[in-house]
Amino acid sequence: MGALIKLLLLLLVGFFLASEVNLSTSLYRYEDNEIELTFPVWQTDNPWYYLKWNPAEHEFEQRISLKQ
């Protein structure tokens with residue numbers, strides 16, 4: 001069980017290393033808080049996985065593209 005958890009954590013770290021993460025935060029304006037994740041980093045124009053979340057505008061966009 002411990003080996004499975006270590007493997008999953010290693011895969012998660014590898015995913016984040018191969019991703020481009022844009023994090024915008026503000027203490028004063030709630031509308032400026034946003035996270036944008038693009039995987040893989042070398043294919044930003046047509047990514048395999050794209051996530052954008054802005055809690056102030058109730059915006060959640062997720063795209064999965066398996067076409068190569």
Check the hydrophobic clustering (I, L, V, M, F, W, Y; side-chain heavy atoms under 4.5 Å; chains of links allowed) and say if [X] and [Y] are grouped together.
X: Leu12; Y: Ile64; value: yes
X: Val41; Y: Leu23; value: yes
X: Trp42; Y: Val21; value: yes
X: Val13; Y: Phe39; value: no

Please give me the minimum heavy-atom distance between [X] and [Y], naming the atom from each residue.
X: Tyr30; Y: Pro55; result: OH-CB, 3.5 Å
X: Asn54; Y: Glu34; result: ND2-OE1, 3.7 Å
X: Pro47; Y: Ser65; result: O-CB, 3.5 Å

- Quick one: list whatever passes side chain to side chain donor-acceptor pair (under 3.5 Å) with Asn33, sequence neighbours left out. none
- So do the side chains of Trp53 and Leu37 get within less than 4.5 Å of each other, counting heavy atoms only?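 No, too far: nothing below the 4.5 Å cut-off.
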- Got a second to check how far Leu11's CG is from Phe16's CZ, nearest 0.5 Å?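 CZ of Phe16 is found 12.5 Å from CG of Leu11.
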- In this structure, which one of Glu61, Arg63, Gln62, Glu36 forms a side chain to side chain donor-acceptor pair (under 3.5 Å) with Tyr50?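 Of Glu61, Arg63, Gln62, Glu36, side chain to side chain donor-acceptor pair (under 3.5 Å) with Tyr50 is met by Glu36 alone.
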- Quick check: are there more than 12 heavy atoms from other residues, nucleotides or ligands sitting under 6.0 Å from CZ of Phe15? yes
